[in-house]
Amino acid sequence: MTDTTTDSQGVRPHAGIPLEHPDAETAHATERAVFGFWIFLMSDLVVFALLLATYAVLLKGNSSAPGPAEVIELAYAFPETLLLLTSTLTLTFATVALREDRARGVYGWTFLSLALGAGFLALEGAEFAGLINKGHVPQVNGFLSGYWLAIGTHGLHVAIGVVWGLILIAQFWIYGFCPAIRSRLVRFSLYWHMLDVVWIAIFTVIYLPGSLVS
Amino acid sequence: MLGRLSWDASPFYGVIPAIAASVVVLAAIGTIVLLTVMRRWRWLWSEWLTSLDHKKIGIMYVVLAAIMLARAFIEAGLMRTQQALGAGAGDVGPVGAEHFAQLFSTHGTIMIFFVLMPFMTGLINFAMPLQIGARDMTFPWMNSIALMLTIGGAGLVMASLVIGKFSTGGWTGYPNFTGAEVNPGVGPDYWIWALTLGGAGSTLTGINIVATIWKERTTGLDHLMWMPLFCWTSLCTALLMIFAFPALTVATVMLWLDRTFGFHFFTQGDGGNMMQYVNLFWMWGHPEVYILILPAFGVYSEVIGTFSSKKLFGYTSLVWATMAIAVLSFTVWLHHFFTMGASANVNAIFGIATMVIAVPTGVKVYDWLLTMRHGRLRFDVPMLYAVGFIVTFVVGGVTGVLMAIPPFDYVVHNSTFLVAHFHNMVIPGSLFGMMAGATFWFPKAFGFRLDETWGRRGFWFWIVGFYLAFMPLYVLGLFGMSRRMATYLHPEWQPWLIAAWAGAGLVGCGLICQAIMLYVSIRDRERLRDITGDAWDGRTLEWLAPSPPPEWNFGARPVVTGRDEFGERKLNDEAYPVPDRTAYRDIEIPANAATAPLIGIFAFLLAFAAIWWMWWLVWISAGAIFLLVLWRSMRFDLHRQVSAETLYQADMAHRRTILAHANGDIGSGAPMRHARGTEGYLAKERREREGQA
Amino acid sequence: MPPRRTVAALAAIGLPGLAEAAGALSPNGPVAEAQLGILLTALGLMAIVVLPVWLLAAVFVLRYRSTAGQTYRPEEDFDLKVDLVIWAVPALIVIAIGTIVWTRTHQLDPYAQIAPGDSLRIEAVALDWKWLFIYPDLGIATVNELALPAGTNAEIALTSDTVINSLIVPGLAGQIMAMAGMRTELNVVADAPALMWGRNTQYSGEGFADQEFRVPVTTPEDFAAWAETARRERPLDRAAYCNLATEGATSEPRRYSAPEGGLFKAIMMQYMDQDRGRLCSDD
């Protein structure tokens, strides 16, 4: 029994942390890591808030074509939304499976979530390719710069998430369900859910008003 | 292959730049030779660079700050010299217009990002975990990465002296001046990437500090209001870092996309909006002022309490005032650009919001003064800085309120009045606090105090030099002198600028005194030895540990029962009890990590390559960072075990040292000359011995 | 004591430069006069907080130094009455100054006309590293010279055909920023004839330090005569403007007649309207 903290004895794992009968030290380590990650996510959310605010400012100042009417269409955004929202649900199933120590459930649900995320990225890639074909690249005007950066940053986050998730699955495979990697899955799921929240904000600020004008 | 890097990037476009570049190169070569000759490479690598010990990381931050302060001061001296000689039109004076612009840009960038930020991060890193009875920061590896990113950013600014030129856009880097159309060179890119690396490091540090204060407090400190005030100010600073730095990152990344890939965030025309940059920049920039100043407020609170030998007056008020300042700092950014033509309503509201901050700040000043009342004041160097701060800082406060009145700001915005004002805030407000903190905790870090005589000389040169250098700038600002002018058409300004130049000279003498202080202190370290670990009759937990503290800080983590825990223990003769063997457990401490400095090196390369458009190197560096993180994620033996017996024996040894010191067997007694509590402790020991005899 | 006399008293002490180049300290117009008044009033109010700080610091440092043997109360750490006072007094002072902020910011809004009567319209364009002043009603334009008739409200519209600039005339009014694609405004009234100066305060590149212009304030009669001489100069057509905009720093004042109609708006619109080309690149 080691003791890096005197108060770890009294700590119970947070209700949202899927650890099966953890010892006090593991529970404390996980809780610290998750707490730190929460703070990081808040910082990251500020980034997205500012990207959207800048988008709004640039949209307001835009005086030339292409504007939202030419660029924004729900044909991609709607299925993208469905994929991402579903993936957040399936990842929740993965964490439930982790709590209940069902290995196949963890692998299956995590992998399905990543596949849905990859599907989202494929659709987004197709949307971007279409924009490039029409010449709607970010170099055209401020509105397009803001549009590409806000959505691109979110897409980059999803891409990083997919890579991260694949690494996690591999690490589960290699090292088994050890506390350190369980803790990583908890943080990964927080990250993934946050990307959902951000997407909803993007959909509300960029796609919905944009589709109304077109 | 080399992107846009060519022989044109060599620094031989002027005498001063060539000399500066030679100094940097020679200093680098000198350091390498010295380390090789003294066979210190292994020591540097395994004792310092790869260490995850929060104390060593803190010390490295402060060393970085000291090196960068030397450079930034030389630049300030050059600017003062240029302005003292710059009466006339065109190219009068030793420094050309473009070089002058590089000087004010690097000076500001370095002082904020690579002197004050690492200085205060270093002090928090060193002292805060000790004060809350923790063994380390919550995320030691991330702590080391943050340090390495900061060093990488500073490295970029140094590299710009040798390869290419730095930005001429000032430390604020407003577009469209820094846009690709007006400034196509690498200068603004150096600036962008130095800030981005430093900013990423600061965000990680902020997360780490908050997690540490929230999760690592020792038993008893669940009473937050028993925390030392420095911990409160660290917490508020860290929260500001977490929420403010994203704005800077977003602004600089957008500017970089504009410059490098032709985006239109802040361009003139094509739907860009440069005012959005100004908004984003100051959404970070104003909280940044408090990020720099709050930790210094914490240091002053510790110093004034300790050297008044008294409890801090109005602790609760000080805590609430700190939090009020932190929250309000997000509501006032617009006062940096009242002159941008916003409506009177907007300007007035932001002006009043700005003044509201003066209220909690005023409360703090009075609480510090009232702590001194009915105290026993000892004027050691940290206390000199604290008193100098109180007296000087209010001048900056007054001019700050003046500038918060929009119609008056119209007069002095962009003038040397503004330059004087913010130097008046950050020199006494932040830099003096950092110096006080460094002097205060130096014996804790190294086991011996800094030489008093040279420390005092340093202080007096600094404070007199400060007044002489900056009071004339207030006056010149009212005369209508703009900031950032290399020359001027008004010869009647010259006497004031010569006075300011003399002030800079005095500050330079102060720096020299401090360098001598360091040398003398190391030479006379036996005379200055801090045997007990309690060099100043301290009141908080860090003085309980030996100096320097062991890697694990405390053999058994102390239990806190009130504010000023250690001071109270000394009063009750309970400061150095016989260690209880059953209280010791085996512990784990973080093992060294080579991944952190390697990530720092690749981050530097990535940024350097992005500046010079060497895209292959960007991808290689990014890939290397990814692999290093992946590799680390597959290591599970990240800790070293320390046995309970080791901890116990170390504490016993420390206690024997204190007993020997109490008996007069070792030491000159000098380090304990103030130790009020220790006297009681000594008496008790003597009684016990007599009782036994 | 009225602000001007306070400053005169200081000048009499012999502080260098105060008499010659007092800028904000020797106002020649109602705006600058009011700004100086704000400075002195706010300083006076803040003295209520600041002077005690200095006094207490001096007293406590002398009285409670460890060798002085004065009362020592190490446990003294709170006093409700004291706490209330140190929160309330700064708060009251901030309320007082805040009131000044609210009223004065509106009174001295740079967009608001100061003196009654017809305004003289002036359009200022920031260039590298000089200012172009267009007098659309008089059919003249100048570079590096902002001539003003005393006692008349001048309504200066600002924009930039280069990086951000900021226009100030110390002792008269300002400053306000000039930005490409945007229009800001500054109202000015000068009281008495005098030769003043103004400048750009926002760093704009190598010619920045010398980017000053003269501000001759004359009687309305002299001003009319001056305008008449300007009307005899060469006209400011598109080509002349484009030469001017690209030639860099010029320190000497210059005058032009017949500025091209709508030039100011055209300069502004080249950055506002994305479909429009740049003014000087298409020919």
Side-chain angles (χ1 to χ4, degrees), chain B residues 89 97-98 170 174 176-177 182 268-271 309-311 313-314 317 339-341 344 347-348 351-352 355-356 358-359 362-363 365-366 369 372-378 387 390-391 394 398 401-402 405-408 410-411 413-414 478-480 482 484-487 489-490 492-493 495, chain C residues 16-17 20-25 35 38-39 42 46 49-50 53-54 56-57 60-61 64-66 71-78 82-83 86-87 90-91 94 97-98 101-102 104-106 108-109 163-164 166 170 174-177 180-181 184 199 201-204 206 209-210 212 271 274:
Chain B
E98 201 215 342
Y174 278 17
N176 47 344
F177 185 77
V182 181
Q268 218 169 22
D270 298 311
S309 315
K310 198 164 162 284
K311 281 186 175 171
F313 189 91
S317 274
T339 60
M340 213 166 240
N347 278 352
I352 292 168
M355 284 174 195
V356 172
V359 177
V363 168
V365 168
Y366 274 98
L369 281 172
M372 290 162 63
R373 180 168 176 253
H374 294 153
R376 286 241 168 100
L377 308 187
R378 292 174 266 136
V387 175
I390 290 179
V391 172
V394 290
V398 165
V401 171
L402 287 176
I405 306 171
F408 183 72
Y410 297 152
V411 182
H413 181 76
N414 270 343
L478 292 175
F479 287 177
S482 298
R484 298 176 173 172
M485 291 173 73
T487 59
L489 302 168
H490 303 268
E492 63 274 14
W493 294 349
Chain C
E20 301 95 325
L25 299 176
Q35 286 164 334
I38 292 170
L39 169 68
M46 281 186 284
V49 174
V50 169
V53 168
W54 285 332
L56 290 178
F60 291 168
V61 161
Y64 296 109
R65 63 190 192 281
S66 56
T71 329
Y72 176 46
R73 295 197 191 124
E75 296 298 311
E76 178 186 271
D77 66 350
F78 181 70
V82 174
D83 223 31
I86 60 178
W87 278 96
V94 162
I97 301 181
V101 169
W102 186 259
R104 289 300 203 162
T105 304
H106 285 85
L108 299 173
D109 185 0
V163 300
I164 302 176
S166 187
Q175 60 195 280
I176 213 76
M177 286 182 167
T184 44
R199 63 169 293 114
T201 70
Q202 177 79 24
Y203 184 76
S204 57
E206 52 178 316
D210 294 339
E212 271 189 26
Y271 302 112
Q274 287 148 233

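Values below: all heavy atoms of this structure, side chains included; hydrogens, waters and symmetry mates excluded. Chain A is the first sequence line, chain B the second, and so forth, proteins listed ahead of strands; every chain is numbered from 1.
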For this session: Using a cut-off of under 4.5 Å on heavy-atom pairs, state which of G170(B), G271(B), G314(B), G351(B) scores highest against chain C.
Result: G271(B)
Seminar exercise, completed: In terms of heavy-atom contacts, V61(C) and M372(B) come closest through CG2-CE, 3.7 Å
Exercise. Can you tell which of V182(B), L369(B), V356(B), V387(B) has the highest number of heavy-atom pairs within less than 4.5 Å of chain C?
Worked result: L369(B)
Problem set entry | Best-contacting candidate, G375(B), P406(B), G362(B), against chain C by heavy atom pairs under 4.5 angstrom | G375(B)
Problem set entry | Interface moiety of A486(B) toward chain C, non-hydrogen atoms closer than 4.5 Å | backbone
Exercise. Highest number of heavy-atom pairs under 4.5 Å with chain C: which of K311(B), M355(B), Q268(B), R484(B)?
Worked result: Q268(B)
Problem set entry | Considering all heavy atoms, the nearest I86(C)-V363(B) contact | O-CG2, 3.2 Å
Exercise. How would you list, by chain and number, every residue that makes a side-chain contact (heavy atoms from CB on, under 4.5 Å) with R65(C), sequence neighbours excluded?
Worked result: F379(B), L62(C), T67(C), A68(C)
Problem set entry | M485(B) versus A209(C), closest heavy-atom pair with distance | CE-O, 3.6 Å
Exercise. Y72(C) versus S309(B): any side-chain heavy-atom pair under 4.5 Å?
Worked result: yes
Problem set entry | Structural part of P170(C) lying under 4.5 Å from a heavy atom of chain B | side chain
For this session: Check each atom of Y174(B) against the heavy atoms of chain C and say whether the ones under 4.5 Å are side chain, backbone, both or neither.
Result: side chain
For this session: Would you mind telling me which of A57(C), P90(C), A42(C), G174(C) has the largest number of heavy-atom pairs within less than 4.5 Å of chain B?
Result: G174(C)
Problem set entry | Pairing residues for I38(C) by the side-chain contact (heavy atoms from CB on, under 4.5 Å) criterion, not counting sequence neighbours | I405(B), P407(B), F408(B), R104(C), L108(C)
Exercise. Would you say the ring centroid of F78(C) lies under 6.0 angstrom from that of F313(B)?
Worked result: no
Exercise. Chain B heavy atoms under 4.5 Å from S166(C): which part of the residue, side chain, backbone, both or neither?
Worked result: side chain
For this session: Answer with side chain, backbone, both or neither: which region of R73(C) has an atom nearer than 4.5 Å to a non-hydrogen atom of chain B?
Result: both
Exercise. Is the closest side-chain donor-acceptor distance between T105(C) and N347(B) under 3.5 Å?
Worked result: no
Exercise. Non-hydrogen atoms of chain C under 4.5 Å away: do they reach the side chain of V365(B), the backbone, both or neither?
Worked result: side chain
Seminar exercise, completed: V411(B) and Q175(C) have their tightest heavy-atom pair at O-NE2, 4.0 Å
Exercise. If you tally heavy-atom pairs under 4.5 Å against chain B, which of T71(C), V53(C), L56(C) wins?
Worked result: V53(C)
For this session: Measure distances from W102(C) to the heavy atoms of chain B and classify the residue's part below 4.5 Å as side chain, backbone, both or neither.
Result: both
For this session: Against chain C, work out which of V401(B), L489(B), N414(B) has the most heavy-atom pairs shorter than 4.5 Å and name it.
Result: N414(B)
Exercise. When the aromatic ring centroids of Y64(C) and H374(B) are compared, is their separation below 6.0 Å?
Worked result: yes
Problem set entry | Per-residue contact mode, E212(C) against chain B (heavy atom under 4.5 angstrom) | side chain
